[in-house]
Amino acid sequence: PAAEVAVWHGRIELDQKGLDILIAAWEDVCQSRPTADLRLILIGMGPDGEELDSIIRKSAVRGVVRINKWIHDTILLRQYLGAADLFVFASRYEGFPLAPMEAMACGLPVVASAASGMRDILQDGWNSGGAVVPCENPHALSVEILRLLRNPSLREEIGRSARSRIQTMFSTNAVGSQLADVLLQRDAEPTVPNETELRLVS
């Protein structure tokens with residue numbers, strides 16, 4: 001119960017997911033809190049699993065827990081996320097990342113690199129549920145991780161904002177409503193192409 005726990009989950013692919021950056025940031029965190037019981041839980045599998053293990057061994061960083069499996073059971077994933085204090089995300093590039101949103105739905109604050117999509121998810125920074133830092137910057141990542149680890153009440157407040165952000169903007173109902181507004185446009189009158197337009201098309 002006294003441990004301070006950060007969690008990440010996804011595909012173990014070093015170049016894209018920036019796990020080397022994350023380990024370097026975690027080294028900074030551990031050096032800044034030498035007496036704290038720190039845990040970094042890494043959940044997932046992928047082609048770079050052995051290389052990640054080698055980086056962890058060479059760094060001699062403490063408190064890294066590797067769970068080398070895919071977790072498809074949403075109840076089990078919620079249990080892992082629910083055991084953490086914050087979610088960390090160090091990707092160099094993404095499409096539109098789901099893992100941080102899953103963590104936010106569980107009430108976790110997020111510290112993330114500025115990979116594609118993250119500025120949209122965390123549009124208002126801490127008010128949206130987390131902080132976005134420059135990519136490939138372990139120090140910037142560690143500064144925001146430490147900010148949350150040192151302040152439990154801030155973590156809880158931002159975690160509530162994170163969950164609210166997901167419910168308001170990214171839940172099934174919210175996304176469905178946004179799509180309906182864009183695609184259906186109930187007020188627009190249907191237009192019928194004139195004869196000239198039809199000839200051009202044909």
Q. Can you hop from Leu19 to Met45 via hydrophobic side chains spaced under 4.5 Å?
A. no
Q: Give the minimum heavy-atom separation between Trp70 and Arg11, together with the two atoms involved.
A: CH2-CA, 3.6 Å
Q: Determine the minimum heavy-atom distance between Leu122 and Gly129, stating which atoms define it.
A: CD2-C, 3.8 Å
Q.
I need the single residue from Ile12, Asn68, Ile67 that forms a side-chain contact (heavy atoms from CB on, under 4.5 Å) with Ile43. Which is it?
A. Ile67
Q.
Using the rule given for side chain to side chain contact (heavy atoms under 4.5 Å, CB included), can you reason through Trp26 versus Arg62, listing the C-alpha separation, both sets of side-chain angles and the distance that settles it, and then say yes or no?
A. CA-CA 9 Å; Trp26 193 248; Arg62 75 180 195 274; 5.7 Å; no
(Q) Taking the basic N atoms (NZ, or NE/NH1/NH2) and the acidic carboxylate oxygens, is any pair closer than 4.0 Å for Lys17 and Glu94? (A) yes
Q. For the atom pair OG (Ser91) and CH2 (Trp8), what is the distance rounded to the nearest 0.5 Å?
A. 7.5 Å
Q) CG of Asp48 to CD of Gln16: how many Å apart, nearest 0.5 Å? A) 10.5 Å
Q | Student check: side-chain heavy atoms of Asn127 and Ser161 closer than 4.5 Å | A | no
(Q) Testing the basics here: between Ala25 and Ser142, what is the closest heavy-atom pair and its distance to 0.1 Å? (A) O-CB, 3.4 Å
Q) Is there a side-chain contact between Val29 and Glu4 (heavy atoms, below 4.5 Å)? A) no
Q. Say you draw a straight line from CG of Leu98 to NE2 of His9; how long is it, rounded to the nearest 0.5 Å?
A. 9.0 Å
Q: Could you go through the side chain to side chain contact (heavy atoms under 4.5 Å, CB included) check for Leu40 and Val61 one step at a time?
A: CA-CA 10 Å; Leu40 173 61; Val61 67; over 6 Å; no
**Q.** Residues, nucleotides or ligands: over 12 heavy atoms within 6.0 Å of Leu183 CG
**A.** yes
Q: Answer with yes or no whether the hydrophobic clustering places Leu141 together with Tyr93; edges join I, L, V, M, F, W, Y residues whose side-chain heavy atoms lie under 4.5 Å apart.
A: no
Q: Output the distance between atom CG (Asp28) and atom CD1 (Ile23), rounded to the nearest 0.5 Å.
A: 12.0 Å
(Q) Please evaluate residues Val143 and Val133 with respect to the criterion side chain to side chain contact (heavy atoms under 4.5 Å, CB included), reporting the C-alpha separation (whole Å), side-chain torsions for both, the decisive distance (0.1 Å), and the verdict. (A) CA-CA 10 Å; Val143 165; Val133 304; over 6 Å; no
Q. Hey, is Arg147 close enough to Glu144 for a salt bridge, meaning N to O under 4.0 Å?
A. yes
Q.
For Ala162 versus Leu108, what's the shortest heavy-atom pair and its separation?
A. CB-O, 3.4 Å
Q: Kindly indicate, with the supporting measurements, whether the criterion side chain to side chain contact (heavy atoms under 4.5 Å, CB included) is fulfilled by Arg92 and Ile21.
A: CA-CA 9 Å; Arg92 291 179 168 92; Ile21 303 296; 3.7 Å; yes
Q: Answer yes or no: is there a donor N or O on one side and an acceptor on the other, between the side chain of Arg163 and the main chain of Ala105, under 3.5 Å?
A: yes
Q: Heavy atoms only: give me the nearest Ser128-Arg165 pair and the separation to one decimal.
A: O-CB, 3.3 Å
Q: Working to the nearest 0.5 Å, report the span between CD of Glu156 and CG of Asn151.
A: 9.5 Å
Q. How close do Phe96 and Ile121 get, heavy atom to heavy atom, and via which atoms?
A. CZ-CG1, 3.6 Å
Q. To the nearest 0.5 Å, what is the distance between CD (Gln79) and OG1 (Thr74)?
A. 10.0 Å
